[in-house]
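Residue numbers start from 1 in every chain, and the chains themselves are labelled A, B, ... in the order their sequence lines are given, proteins ahead of strands. What's counted below: heavy atoms across the whole structure, side chains too, no hydrogens, waters or symmetry copies.
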Protein chains: 2
Amino acid sequence: MDQYRMPPSTSAREAVYAKLRHQILILELPPGTALSEKDASLAFGVSRTPVRESFVRLAQEGLVQVLPQRGTFVSLIDSELVEEARFMREQLEKAVIRLACESFPEDRLEALEENLREQRESMARTDDKRMFELDEAFHRTIFEGCRKLNTWAAIQQMNVHLNRSRLLRLVTDHQWSHLYAQHEQMAIAIRNRDADRAERVMREHLSLSIADLTMLKEKYPQYFQ
Amino acid sequence: MDQYRMPPSTSAREAVYAKLRHQILILELPPGTALSEKDASLAFGVSRTPVRESFVRLAQEGLVQVLPQRGTFVSLIDSELVEEARFMREQLEKAVIRLACESFPEDRLEALEENLREQRESMARTDDKRMFELDEAFHRTIFEGCRKLNTWAAIQQMNVHLNRSRLLRLVTDHQWSHLYAQHEQMAIAIRNRDADRAERVMREHLSLSIADLTMLKEKYPQYFQ
DNA sequence: ACTACCATACTTGTATGGTAGTATGGAACG
DNA sequence: CGTTCCATACTACCATACAAGTATGGTAGT
């Protein structure tokens, strides 16, 4: 809950942690992958200590599972955890977008609209990675405008599993155009202070952007518990 | 996000972490207290390594702040973080208690009522510590009945600051009788499947049990940022 | 008296060696 | 051929030593 205003100094531990976390989240290290203090320390050119401490942090986030004297593995995706993360995110995002419809700074609203422009460009280029980033940024901006950035950070922390399955879903079948249309409607609803509509669109949006897992479980059974 | 089904083995790291966490949460180690890897390692009779790894975990939860080459300190209470934690908790608890009014297993409802009995006893004994535990258990049971235990765990994780201020408030002026009455109404609402009433009571309950911070800031200024 | 400096005693960060528990593959045996 | 046992090569866990940055108190110089 604190990794945002860390000293910019890139301690070895911080560097290793950030790198591993990123690799896990983008499935470059797929669920089930065996890690090892020794291998990672060799790969990063540091000693085992900072690697170990990175593993401790990742384990607390649920990104890896440490089995004493056996090994450390990238966590499999836990369906129950994914479903609850979706639930939490839905409740919090619905509440926040209602707040946004009461009061929202103009410059953040413009940021949303600028984001939408970028989404259109990225869609034209079929740049999935960028679209994923813009999606995240769009939601983040809503929280920012409501002064609820810590809430967004908490969501990020509990959404590590959720994000992996979202990514799986999106690389499987793209449906950016629909998601974009919903983003657009949200921005309009905020501008028009139409809380009910905003909440409804958000609910639909999240249930759409979040895969139903049964399909993914069939396609990538080895990634799930 | 994973400390629920850890191996029961109490590794040195786990023991140190659990002890420090508890001491911080009950304000036995008040905000601002200077910790030290060396001192802690002596106190626990282990080497610096497991202590250090505990600090890493606590730092990630925001319970301590590690300043390289300067020291490690129990985090001060951040008002903004407390307010957002309250917001998150309110949204999630309202949503969950609505779920509970749709469907709730009979044995969990009985657990709630048994909990209420214990609350009456503890109140008679003015056993604040026990009341605090029962309060937590009551809410936890609601999540359990809705099969949302991971959500409860996430709340626990982000509520570390919130809990400290709640504890401050409760040791300052006890108001258990009012809180108890609300718990009782919640159980009744769940039994009667009265979602609107349940949500309303929950909202009032949380805004009551969660201190307004201005008073606490005046009384314990050294604990706040 | 005041200031600048520096030795010293802290702090956390990193590296490394030893320990104990676990998985694995091959050999010996039924 | 199948099963049991054991040596071996892993693993994470912990202790310890060293490195590097920081706060502090005393001292010398002005």
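Residue A:T72 is in sugar-phosphate contact alone, with no base atom involved, counting any heavy-atom pair closer than 4.0 Å across all strands shown.
Using a 30° and 60° split on the angle between ring planes, A:H183 and A:H139 fall in the perpendicular class, above 60°.
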Polar atoms only, N or O, under 3.5 Å: list the protein pairs with nucleotides 13-16 of chain C and their distances.
unit_1 : atom_1 : unit_2 : atom_2 : d
C:dG13 : OP2    : B:R52  : NH1    : 2.4
C:dG13 : OP2    : B:R52  : NH2    : 2.9
C:dG13 : N7     : B:R48  : NH2    : 3.1
C:dG13 : O6     : B:R48  : NH1    : 2.9
C:dG13 : O6     : B:R48  : NH2    : 3.4
C:dT14 : OP1    : A:A12  : N      : 2.8
C:dA15 : OP2    : A:S47  : N      : 2.5
C:dA15 : OP2    : A:S47  : OG     : 2.7
C:dA15 : O5'    : A:S47  : OG     : 3.4
C:dA15 : N7     : A:T49  : OG1    : 2.7
C:dT16 : O4     : A:T49  : OG1    : 3.4

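Summary for the helix from C:dA1-D:dT30 to C:dG30-D:dC1: the axes at its two ends, each from 5 pairs, differ by 10° when rounded to the nearest 10 degrees.
If you measure from atom CG of B:L42 to atom C1' of C:dT11, you get 14 Å, rounded to the nearest angstrom. Put simply, CG on B:L35 is 9 Å from P on C:dT12, counting in whole angstrom units.
Look at A:R117 and A:E121 and you find no salt bridge, because none of the NZ, NE, NH1 or NH2 atoms lies under 4.0 Å from a carboxylate O. A salt bridge links A:E53 to B:R52: one of the charged nitrogens lies within less than 4.0 Å of a carboxylate oxygen. Under the 4.0 Å criterion applied to side-chain N and carboxylate O atoms, A:R108 and A:E144 are assigned as salt-bridge partners. At a threshold of 4.0 Å, the pair A:R57-A:E14 counts as salt-bridged, since one of the basic side-chain nitrogens sits closer than that to a carboxylate oxygen.
The closest side-chain heavy-atom distance from A:H161 to A:R164 is below 4.5 Å.
In plain terms, the two heavy atoms of B:R130 and B:E118 that are nearest each other are NH2-OE1, 2.7 Å. Across A:F73 and A:G32, no two heavy atoms sit closer than the pair CD2-O, 3.9 Å.
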